[in-house]
Amino acid sequence: MEGPSIVILKEEIRAFKGKKILKAIGNTKIDKERLVGQKIISFKSWGKHFLIEFKNFSLRIHFLMFGSYRINSHKNSTPRLQLKFEKGELNFYTCSIQFIEEKLDDVYDWEADVMNDQWNERKALKKLKMIPNTMICDALLDQQIFAGSGNIIKNEVLYRVQVHPESFIGKIPLAKLKEAIKAVRDYSFDFYTWKKKFELRKHWLIYTKKKCPLDHKVIKKYTGEGKRRSFFCPACQLQFI
DNA sequence: AAGGATGTTGCCTG
DNA sequence: TCAGGCAACATCCT
């Protein structure tokens with residue numbers, strides 16, 4: 001689940017703000033009893049982290065690859081965590097859940113969160129300049145630089161800016177690098193809009209495709225240190241090495 | 001319809 | 001000793 005999906009969750013769950021947890025069950029190993037009686041102060045997100053803020057601590061939920069949730073409904077499987085309220089319930093499945101004791105502002109740099117109002121592209125550029133020998137395909141998945149960017153966003157952004165995933169940061173012209181940084185945020189908002197309309201896939205230009213929009217053959221390769229799937233068109237996307 | 005993946009952590013091994 | 005590999009998570013898609 002990439003950053004935009006977490007922003008959507010944050011919106012869908014809004015009505016539970018200020019509500020008191022009456023019951024907490026599920027197969028998570030965290031101390032669920034600690035949640036009972038707590039009032040939700042706010043829902044926040046940082047990249048792929050979904051955050052529930054309480055008075056003296058917060059809960060961090062990460063959905064990884066297969067995580068899911070239900071609001072006021074549930075699946076047949078045991079939830080990792082279920083929160084019951086006077087009216088309604090929240091169910092989180094197959095996710096990683098942790099307590100955060102520190103204040104969220106002390107833990108998270110909101111300027112690194114691609115979809116946040118505080119997103120700082122100059123800071124992202126500065127971080128990229130520090131890793132010239134890193135491939136762009138790895139950098140676009142680095143949550144310390146682009147929190148919320150995932151493998152779909154990586155692939156679509158690289159196609160949009162016509163850069164080969166195995167290009168080295170230090171070899172990419174500055175203007176192109178800046179263009180890529182902007183494209184990560186722009187594509188994330190497009191992702192958000194399309195996902196809400198259940199038409200995300202329809203808009204993929206390169207991800208999982210066999211042919212690019214210009215009908216060239218698309219290469220599928222596990223690239224970079226992370227060895228994540230990259231789909232790219234060698235004809236459309238220039239490699240900087 | 002079997003197999004892989006929108007992701008990260010943590011254990012195991014050499 | 002530590003980096004790299006890989007299982008785990010459990011569902012949905014091709």
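A, B, ... follow the sequence lines: proteins, then strands. Residue 1 opens every chain. Quick note: numbers below take in every heavy atom, side chains included, and nothing from hydrogens, waters or symmetry partners.
Checked by atom type and distance alone, the side chain of A/Glu89 never pairs as donor or acceptor with a backbone atom of A/Ile71 at under 3.5 Å. Remark: side-chain polar atoms of A/Glu111 are not paired, donor with acceptor, to backbone N or O of A/Asn120 under 3.5 angstrom. Remark: the backbone N or O of A/Lys75 is paired with a side-chain donor or acceptor of A/Tyr93 at under 3.5 angstrom.
When both distances must be under 3.5 Å, the Watson-Crick or G-U wobble mate of C/dA10 does not exist.
Residue A/Met65 is the one, among A/Arg201 and A/Met65, whose nearest nucleotide of DNA chain C lies closer to the 5' end (criterion: closest heavy atom).
Across B/dG7, C/dC9, B/dT9, the shortest atom-to-atom separation from the side chain of A/Thr94 is found for C/dC9. When the nucleotides B/dT8, C/dA10, B/dT6 are ranked by their closest atom to the side chain of A/Gln143, B/dT8 comes out on top.
Taking a 4.0 Å limit (strictly below) on heavy-atom distances, residues 151-160 of chain A reaches DNA chain B at A/Asn151, A/Ile152.
Salt bridge status for A/Lys44 with A/Asp113: absent, with no side-chain N to carboxylate O gap under 4.0 Å. Using a 4.0 Å cut-off between charged nitrogen and carboxylate oxygen, A/Asp109 and A/Lys123 count as a salt-bridge pair.
A close approach under 4.0 Å does occur between a side-chain nitrogen or oxygen of A/Ser77 and OP1 or OP2 of C/dT11. Distances shown here put a side-chain N or O of A/Lys48 below 4.0 Å from the OP1 or OP2 atom of B/dT8. Here A/Tyr207 reaches the OP1 or OP2 of B/dT6: one of its side-chain N or O atoms lies under 4.0 Å away.
Look at CZ on A/Arg228: it is 7 Å from C1' on B/dT6, rounded to the nearest Å. We find that CZ of A/Phe66 is positioned 13 Å from P of C/dA7, with the value rounded to whole Å.
Backbone-only engagement by A/Lys75 is indicated by non-hydrogen atom pairs under 4.0 Å involving sugar-phosphate atoms exclusively.
Shown are A/Leu158, A/Asn155, A/Leu140; of these, the side-chain contact (heavy atoms from CB on, under 4.5 Å) with A/Pro165 is made only by A/Leu158.
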